[in-house]
Amino acid sequence: MSETASESPTTEAGQAAAPAGTAESASDAPLGPAGEKALAEWKQRAKDAEKASRTQAARLQEIEDRDKTEVQKAGERAAAAEQRAAAMAQRATKAEVRALAASTFADPSDAAAFLDLDAFVDDRGDIDSKGIEKALADLLKRKPHLGKEAAPPSFDGGARTTAGAPTDMNALIRSKAGLG
């Protein structure tokens with residue numbers, strides 16, 4: 001079997017060996033000036049192609065928008081506004097949960113992660129704070145490790161009092177005699 005330009009010789013391990021005239025060897029060799037020039041040219045071509053793609057996508061969107069009726073455009077704007085409103089309600093609910101959980105949870109963001117936030121928002125977008133409080137209390141009952149740790153017990157044996165000012169014998173006699 002003769003080797004042609006399309007076939008590559010193999011080494012004893014069965015791997016393709018690099019042709020003798022190339023810069024590729026077992027270790028990555030530097031590209032050299034010609035290789036660096038070619039790499040820079042390909043990078044520039046890729047940037048140009050990406051820019052042209054973005055331009056063509058914007059042009060296509062412009063053409064599609066031109067062919068739409070005002071009702072379709074208004075519908076798309078309404079759908080986008082609904083998505084933004086839903087995202088804002090989600091963020092507001094998450095903030096409410098974190099605010100209510102701050103006093104009892106070690107990490108208030110854990111509370112938001114364990115609760116279904118959509119359950120606390122009604123159709124008008126109002127947030128049910130009482131429902132959140134009940135859900136947080138239930139969550140602490142089910143997962144007490146999420147709560148803040150209690151303050152460590154005090155072993156001081158009772159309340160401390162400061163010692164009074166030392167008295168001398170003259171002050172003691174005056175106080176007994178009612179003079180001071």
Side-chain angles (χ1 to χ4, degrees), residues 15-16 24 26-32 35-164:
Q15 298 173 343
E24 291 281 321
S27 65
D28 287 336
L31 293 175
E36 293 292 332
K37 181 180 177 184
L39 180 62
E41 181 181 330
W42 279 103
K43 284 182 180 180
Q44 185 61 39
R45 284 184 185 178
K47 286 180 184 177
D48 293 343
E50 187 175 331
K51 184 177 179 182
S53 174
R54 282 194 301 265
T55 304
Q56 292 298 328
R59 177 77 176 129
L60 178 63
Q61 185 66 40
E62 181 181 308
I63 291 170
E64 288 176 355
D65 287 345
R66 183 183 62 206
D67 294 339
K68 291 181 184 176
T69 65
E70 288 301 316
V71 173
Q72 289 174 326
K73 291 177 185 178
E76 288 178 0
R77 286 192 302 268
E82 286 177 4
Q83 288 177 345
R84 285 192 305 273
M88 293 301 290
Q90 182 81 5
R91 276 188 244 146
T93 305
K94 192 174 194 177
E96 181 78 14
V97 167
R98 283 186 284 176
L100 292 172
S103 62
T104 54
F105 280 76
D107 185 5
S109 62
D110 286 344
F114 282 102
L115 295 178
D116 178 24
L117 302 178
D118 293 330
F120 304 113
V121 181
D122 64 7
D123 294 336
R124 294 183 341 193
D126 292 333
I127 299 171
D128 181 16
S129 296
K130 297 292 183 189
I132 292 173
E133 289 173 356
K134 289 177 185 175
L136 290 174
D138 182 50
L139 181 61
L140 275 180
K141 286 178 187 174
R142 288 184 292 128
K143 299 184 181 288
H145 60 278
L146 295 176
K148 285 186 177 178
E149 291 185 23
S154 175
F155 298 106
D156 69 354
R160 304 237 183 230
T161 59
T162 57

Worksheet item: What distance do Leu117 atom CG and Arg91 atom CZ have between them, rounded to the nearest 0.5 Å?
Response: 13.0 Å

Discussion item. Nearest 0.5 angstrom please: Glu133 CD to Glu96 CD, how far?
Written reply: 8.0 Å

Practice prompt. Test side chain to side chain contact (heavy atoms under 4.5 Å, CB included) on Leu39 and Leu31 and set out the steps.
Written response: CA-CA 9 Å; Leu39 180 62; Leu31 293 175; 3.9 Å; yes

Salt-bridge contact [X]-[Y] (side-chain N to carboxylate O under 4.0 Å):
X	Y	value
Arg59	Glu62	yes
Glu41	Arg45	yes
Lys47	Glu50	no
Lys134	Asp138	no

Worksheet item: For Lys37, does the NZ atom sit with more than 12 other heavy atoms under 6.0 Å from it, leaving out its own atoms?
Response: no

Worksheet item: If you draw a 6.0 Å radius around CD in Glu149, do more than 12 non-hydrogen atoms from other residues or ligands fall strictly inside?
Response: no

Closest approach of [X] and [Y], non-hydrogen atoms and distance?
X	Y	answer
Leu146	Leu140	C-CD2, 4.2 Å
Pro108	Ala106	CD-O, 3.9 Å
Ala111	Ala101	CB-CB, 3.7 Å
Lys94	Ala112	CG-CB, 3.9 Å
Ala102	Lys148	O-NZ, 3.1 Å

Do [X] and [Y] have side chains that approach each other closer than 4.5 Å (heavy atoms only, starting at C-beta)?
X	Y	answer
Gln72	Thr69	yes
Phe114	Lys143	yes
Val97	Leu115	yes
Thr104	Leu136	no

Worksheet entry | Thr93 side chain vs Ala89 backbone, donor-acceptor pair below 3.5 Å | yes

